[in-house]
Amino acid sequence: MANYPFKEIEEKWQKHWMENNHFKTVENEKPKYYVLEMFPYPSGKIHMGHVRNYSIGDVVARFKKMQGYNVLHPMGWDAFGLPAENAAIKHGIHPDIWTTKNIQEMKDQLNPLGLSYDWDREVATCSPDYYKWTQWIFLQFYKRGLAYKKESRVNWCPSCETVLANEQVVGGLCERCDSKVGKKMLNQWYFKITDYAEELLQEINNLPGWPEKVKIMQSNWIGKSTGAEVNFPINGSDKTITVFTTRPDTIYGATYMVLAPEHPYVAELVKGTEYEEEVNSFITKLQHMSDIERTATDIEKEGIFIGHYSINPITGRKIPIFIANYVLVDYGTGAIMAVPGHDQRDLDFARKYHIEVIPVIKPEEAQDFTIEKEAYSDEGIMMSSGDFNGLKSTEAYDKILQLIEEKGVGNKTISYRLRDWLLSRQRYWGTPIPIIYCDTCGTVPVKEENLPVALPTDIQFTGTGLSPLTTSETFLNAPCPSCGKMGRRETDTMDTFVDSSWYFLRYTDAKNTEKIFDKEKTDYWMQVDQYIGGVEHAILHLLYARFFTRVMKDLNLVSNPEPFKNLLTQGMVLKDGAKMSKSKGNVVSPEEIIIKYGADTARLFVLFAAPPERDLEWSDQGVEGCFRFLNRVWRLAIEALDNGLYNRKANTTTKEDKNLKYMIHNTIKRVTEDVEGRFNFNTAISAVMELVNELYKYKELEDIDGGLVEEGITTVIVLLAPFAPHFTEELWAITKGEGSVHKLSWPKYSKEAIVQDEVEVVIQINGKLKDKITIPSDMTKEAMEELAFNNEKIQSILEGKSIVKVITVPKKLINIVVK
RNA sequence: GCCGCGGUGGCGGAACUGGCAGACGCAGCAGACUCAAAAUCUGCCGAUGGCAACAUCGUGGGGGUUCGAUUCCCUUCCGCGGCACCA
């Protein structure tokens, strides 16, 4: 028999579903379920990673719908970004046209997959209807002091004369021209995400539906450490330098101090001294290095003495002040007390510059303790620490902190690794920052009623120099919202992560022209019950989205501060052990697979080949196998219908009948559990395959129950519906003649059918399998043991051995322990 | 360096709470059908020994707990991912 006509079937049902608004969703009284896949960047081509992502989401959506939920399953486009602008520079196509065309092309490639999206809720972040609200959010942040501008060091390519995002710096080089990337001070916009650091960290504990791995990554990223700030007066000056330390217990061992070269005091302290020139050239040298070069762990520690001393406020000791490449200006206070005895970095530096090393903590057992090449960073017993000598360092930690506070020279504090979010981009294709600079009024936000600040079209893309928006006269000049005099617009646009930090909220009320969204609607749908996407977004996107949602909760725009209840991070699609990529030439295009085997086979394969969290190794033969399986089901159903198998002699209730009934209902149970709780689609599908194999065997028997065959085939069709939607819809139409398989309720297994009268148990001797016997499932322990001891095979093995004990687990095993 | 995840047949993977290791699929081998091939259907398919029934070994390596360990504990090796001069 020929293969099933997948092409006709898929086109037919896609058209049917679309024309009948099959996937349209509105709020109703049913329990809601919001399933979301991370929206794509419209590159113009979908790849297997997309197919995998959306297939997983579609199974969840269709399954939940069959379970009676009101399911929201939207799709949209993360449509701002650099590739569109590069295309403009390279080919002279306007980013808007390029993006719109790509969205259409990607939609044309997505539709053949049969995904159950409600396209009425589509959003594109580059559309003014959308970015108007991104700007509106910016203004709310600004009002709250959560958006602010500051001078800071940013990546700078001297050849392109432009700022680069961290992602655009590849191995310390500019991704476009391969020049060495340096640093430059620029005035940039920031979001104050650090205000939410503690909340974002604490609330990770309230995300039981997130993978542990992602939670750990976020915690580490936020990077909380507790310690103290201590003020060290500068000798012969009225200034003090505040250092941050996590080890106040080592303060007696501080033999020098290091400032970050960019620390504001440095320039002041050396001004007009003999050290000025040397310090300046050191700083200039560092500025020409990228962060990557500068912070590489293998780089040698380097620094210089700046001619000043400070006073250790606890010991009164006078210690030299250095600047060095290993102290960062934007962590802690940008200054440290260096304790070479107990910090490896400080030790390396001290050895190089011949600075004294004073050990102040020794291991508990140690007698004469000295430091050679390795710093001692563990706990221990205090030494050379005045009154604290002999104490455990953990006790001394608290006592010294107390002393610091009593003396008023410092206090307990907390430091985070998380930095504020730099959102300015010197780009065209992004959301314009709605700010006007006025000579009289300064920095003035655009009035809400004047949003959106639209992207102009009279732009030149030269690929060099400043933000392209500076080339638009119509954009640049705008009246000050406060005094009306001519001002200048902000010409930077926002990082595209801003756009994607709230799109899931807009889906809940995508067409609203009055408001960002209606709170009632958003509260009805939020949280996202299941979010699905690549683990590469574990930190940035997911953290930013959490941050935004928290702020929106504080603004009373939403009720729940956490956006994503459950998170599934799917693995990559590999071929020959490597990620599919053009440069490796190992790309399999979804289009060619759909043409050859159809979308249902493609979907089935990506779900069957591996559990969703793991990487998936592509296999052409594996795809073929899935296609064969669908054909096998097809033939089974068609043959049963044509040959009247449904009507053959019924209700004989043989052993085989009972077994098939058991198989049918146990398969329902297995598939339900696999899909619902664990997202193990691979085992769900293999369970259905087993049932199909069983049906093939059963139908060859002499005496079969036609009704049971029908039940079996129907069950297979219904259970496969979320996985292979077109295939099952067609089979449903053929075998049942009416309705849609997708409008059915998800089947429930019969409890009686999965009760087995007989079970197979194993007989072990010393834990090793010796024989298997089939017994009634309600047999007592005693009877089981009797049976085991009467077993001929067991008797012959037991001969001449003495029995130590017998362990019997009902319905499972009998283990006889012998000597 | 620190943190996390993983290691099971020729391959992708299964074994959910400690109880038959290898479900299901792929590849391979054999048979049926066919003039023949493809497709399809059926059977076999971890290693070693044996004609066989069967025996022994086997979940990266070593050790432990247990009647019993892929599963729990210790240790070690390898692979992958994240962070990385964060004081």
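Every chain is numbered from 1, with letters handed out A, B, ... down the list of sequences.
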- Under the salt bridge (Lys or Arg N to Asp or Glu O under 4.0 Å) rule, what pairs show up with a residue in residues 803-817 of chain A, not counting sequence neighbours?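 Applying salt bridge (Lys or Arg N to Asp or Glu O under 4.0 Å) to every pair that reaches into residues 803-817 of chain A, excluding sequence neighbours, yields nothing.
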- Item | Pairs where residues 760-776 of chain A contributes a residue and the test salt bridge (Lys or Arg N to Asp or Glu O under 4.0 Å) is met, not counting sequence neighbours |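 The answer is D771(A)-K793(A).
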It should be established whether [X] places a side-chain nitrogen or oxygen under 4.0 Å from OP1 or OP2 of nucleotide [N].
X	N	result
R614(A)	G7(B)	no
K575(A)	C11(B)	no
K301(A)	C85(B)	no

- Query: With sequence neighbours left out, what residues match S377(A) under side-chain contact (heavy atoms from CB on, under 4.5 Å)?
  - Reply: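 Applying side-chain contact (heavy atoms from CB on, under 4.5 Å) to S377(A) gives none.
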- Item | Complement of A30(B), any strand, by Watson-Crick or G-U distances under 3.5 angstrom |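 The base-pairing partner of A30(B), which may sit in any strand shown, is U42(B).
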- Item | Base-pairing mate for C24(B) - Watson-Crick or G-U, with both contacts under 3.5 Å |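 When the pairing criteria are applied, G12(B) turns out to be the nucleotide that pairs with C24(B).
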- Could you check whether D346(A) gets within reach of a base, just the sugar-phosphate, or nothing at all, counting any heavy atom under 4.0 Å?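 The answer is nothing, as D346(A) stays clear of every strand by at least 4.0 Å.
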- Message: Among residues at least two apart in sequence or on other chains, which ones pass side chain to side chain donor-acceptor pair (under 3.5 Å) with N53(A)?
- Response: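 So N53(A) forms a side chain to side chain donor-acceptor pair (under 3.5 Å) with Q570(A).
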- Task: Identify the residue among Y597(A), W634(A), F627(A) that makes a ring-ring contact (aromatic ring centres under 6.0 Å, His included) with F6(A).
- Result: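 Checked Y597(A), W634(A), F627(A) against F6(A); only one passes ring-ring contact (aromatic ring centres under 6.0 Å, His included): F627(A).
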- Message: Using a 4.0 Å cut-off on heavy atoms, which residues in residues 219-227 of chain A reach RNA chain B? List them by number, or say none.
- Response: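 By residue number: N220(A), W221(A), S225(A).
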- Note on the structure: For nucleotides 19-30 of chain B, 5' to 3', base contacts (B), sugar-phosphate-only contacts (S) and non-contacts (-) with protein non-hydrogen atoms under 4.0 Å give BB--BBSSS---
- Message: Rounding to an integer number of Å, can you tell me how far M217(A) CE sits from C5(B) P?
- Response: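 Those two atoms, CE and P, are 13 Å apart.
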- Item | Plane angle bin for Y265(A) and H263(A) - parallel if under 30°, tilted between 30 and 60°, otherwise perpendicular |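 H263(A) and Y265(A): perpendicular rings.
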